[in-house]
Amino acid sequence: MLNAGLLLNLCLVLLLAGCSFQASRPAPVESLSHSYSKHNKGHIKSNSYKVKKGDTLYSISWAAGKDFAEIAKINQLDKSYTIYPGQILYLTDDRGKASKSSTTLGGIKSKDKERNQENSYKKQVDNDGLSTGSTSGEQQKKTLDQKAKPAYSATSAQQNINSSLVAPTSTLPDSVSQWQWPVRGKLIGTYSANEQGNKGIKIAGKRGDIIKAAADGRVVYAGSALRGYGNLVIIKHSDDYLSAYAHADQILVEEKQHVLAGQTVAKMGSTDTNQVMLRFEIRYHGQSVNPLNYLPKQ
C-alpha cells in the first residue's frame, strides 16, 4: 500500500509540473495579430484584378487607391463603366504580354470579344428556335435576358431604399459647391498621410444614428465587399471627387441613386470594426485627402 501511495503522489507531481510548463508558454498573439492586420488592409496591390460579383469600377478603384477614370481609360471602358464577373481589369499601363493575348477580357479587345460573344449567342438561339420550332419569342427573350449580367453590389436585400429627395437630373456637377458633415459626433480618429495611416476621419456615435451625404452626387457603390470597411456607401460627386461612408449598420440607398447633400444614406453601426462609428473618407482623383480641409469648421 505504501508503494502504491508513493507512486500515486509521484504521478500527481509530474502532472502538475506538465501543466505548469504548458501555462508558461505565451499565447500566439503575434500570429493572430498578423492575420487580423492582413484582413483589414482592404487594398489591391496587384497590377490586374479579376472582377467578382458585387464589384463596381468604383469599389475596385477605391480598394486599389486608383482613379476610376484612369482604370476606365486603360481598359477602354465606355462612359457606363459596366464591368462583368470574371473580367480582368488592368490597374496600371504596364500590362506586359497579357495585353497582347486574344483572350484578354479587360484590355483592348474586351469590347470586341463581348460583342462577338453576344452576336454568336443570339445566332445560336435564333438557329435553335428555327430548327426545333418549339421556342416562342417570349422564351427566347427570357433566355437572352438570363445571359451574363453586369457586376453590381450583391447586398440589395439588406438595403431599405430611401428614394425621397432624389436629384431630378442624371448629370453631376463639375465641382462640389459645398461640403457638409455626414454626422455630428466626437472626432475619434484623424487623417494621416502615412502609408499605413488612417485615410479618413472617424466619428463616434450611437448605433442607428443617421448618416447623411456630404454633398450632392450619385451612389456608385453600396455593399460590404471591401475588407475593413464593413457596410460601405461610396458617392461620386464629380469626375474629381468621391466620398465614402464605412461601418454602417444599415444601408438606405442603392447604387445609381442620386442623392442631395444632407440626404440620409445609411445608419451608423460597427460592421467590421470594434465600436460604433462612421469612417468618412474623401478622395480626389483616387487619392485620399484630409476631409477636415473640406468640411466646415465645427
Side-chain angles (χ1 to χ4, degrees), residues 35-43 52-56 58-63 151-167 179-191 197-237 241-283 288 291-292 294-295 298:
S35 176
Y36 182 81
S37 175
K38 182 178 180 181
H39 174 76
N40 280 294
K41 283 184 179 180
H43 296 293
K52 300 179 179 63
K53 184 178 180 181
D55 288 336
T56 70
Y58 301 92
S59 67
I60 295 170
S61 64
W62 194 275
Y152 295 120
S153 174
T155 59
S156 58
Q158 73 169 6
Q159 297 174 6
N160 178 17
I161 306 306
N162 171 17
S163 59
S164 63
L165 298 177
V166 176
W179 295 90
Q180 68 176 47
W181 285 83
V183 295
R184 292 289 179 177
K186 182 180 179 181
L187 192 64
I188 58 174
T190 55
Y191 173 84
N198 183 29
K199 299 308 178 185
I201 58 175
K202 297 178 180 179
I203 307 171
K206 295 181 294 183
R207 189 177 305 278
D209 282 355
I210 295 300
I211 300 172
K212 300 178 180 179
D216 296 352
R218 182 173 66 247
V219 179
V220 292
Y221 180 78
S224 58
L226 272 72
R227 296 179 298 173
Y229 284 91
N231 290 332
L232 172 69
V233 175
I234 299 177
I235 298 176
K236 178 182 178 182
H237 303 289
Y241 288 100
L242 299 174
S243 65
Y245 313 74
H247 308 307
D249 186 62
Q250 187 178 10
I251 294 173
L252 301 176
V253 288
E254 64 179 356
E255 288 170 9
K256 300 185 178 182
Q257 179 179 341
H258 285 257
V259 294
L260 298 176
Q263 182 175 340
T264 299
V265 297
K267 291 185 178 181
M268 192 180 290
S270 58
T271 53
D272 224 350
T273 188
N274 57 4
Q275 72 177 99
V276 175
M277 72 165 96
L278 168 65
R279 175 178 171 182
F280 176 68
E281 297 185 23
I282 296 177
R283 295 200 181 177
S288 298
L292 295 180
Y294 296 83
L295 298 172
Q298 292 198 90

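Basis for what follows: all heavy atoms, side chains included, without hydrogens, waters or symmetry-related copies.
Side-chain atoms of D55 and Y221, non-hydrogen and from C-beta on, never get closer than 4.5 Å to each other. With contacts defined as side-chain heavy-atom distances shorter than 4.5 Å, the pair L278/P182 qualifies. Looking at L242 and I235, their side chains never come closer than 4.5 Å, going by heavy atoms from C-beta outward. Residues V233 and V219 have side chains in contact (heavy-atom distance under 4.5 Å, counting atoms from C-beta outward). Put simply, the side chain of W179 reaches to within 4.5 Å of the side chain of Y241, judged on heavy atoms. Using a 4.5 Å cut-off on side-chain heavy atoms (C-beta onward), R207 and S270 make contact. You'll find the side chain of T264 reaches within 4.5 Å of the side chain of L252, heavy atoms only. Side chains of Q275 and I188 form a contact here, defined as non-hydrogen atoms less than 4.5 Å apart.
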Worksheet item: Going through the checks in order, is the side-chain contact (heavy atoms from CB on, under 4.5 Å) test met by D209 and V183?
Response: CA-CA 8 Å; D209 282 355; V183 295; 5.5 Å; no

Item to complete: Might you work through the side-chain contact (heavy atoms from CB on, under 4.5 Å) test for F280 and W181, ending with a clear yes or no?
Response: CA-CA 9 Å; F280 176 68; W181 285 83; over 6 Å; no

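The minimum heavy-atom distance between I211 and Y245, with the atom names listed, is CG2-CD2, 3.7 Å. Of all non-hydrogen atoms in A204 and M268, the two that sit nearest each other are C-SD, 4.2 Å. In terms of heavy-atom proximity, K206 sits nearest to V276 at C-CG1, 3.6 Å. Q263 and H258 get closest at one heavy-atom pair: OE1-O, 4.1 Å. Of all non-hydrogen atoms in I203 and L187, the two that sit nearest each other are CG1-CD1, 4.2 Å. Closest heavy-atom contact between A244 and L232: CB-CD1, 3.9 Å.
For the side-chain hydrogen bond (donor to acceptor under 3.5 Å, both in side chains) test, no residue two or more places apart in sequence or in another chain qualifies with S61. Legend: residues meeting side-chain hydrogen bond (donor to acceptor under 3.5 Å, both in side chains) with T271, ordered by chain and number and at least two apart, are absent. A search for salt bridge (Lys or Arg N to Asp or Glu O under 4.0 Å) contacts involving K236 returns D239, not counting sequence neighbours.
Between T273 atom OG1 and R279 atom CZ the span is 8.5 Å, to the nearest 0.5 Å. The CG atom of D272 lies 9.0 Å from the OG atom of S224; values are rounded to the nearest 0.5 Å. Here the CG atom belonging to L260 is positioned 5.0 Å from the CG atom belonging to D216, to the nearest 0.5 angstrom. Within the model, atoms CD1 of I282 and NZ of K199 stand 15.0 Å from one another, a figure rounded to the nearest 0.5 Å. In this structure, the separation between CD1 on I234 and CZ on R218 is 13.0 Å, given to the nearest 0.5 Å.
Taking a cutoff of 4.0 Å between a charged side-chain nitrogen and a carboxylate oxygen, K267 and D249 do not qualify as a salt bridge. Using a 4.0 Å cut-off between charged nitrogen and carboxylate oxygen, R283 and E281 count as a salt-bridge pair.
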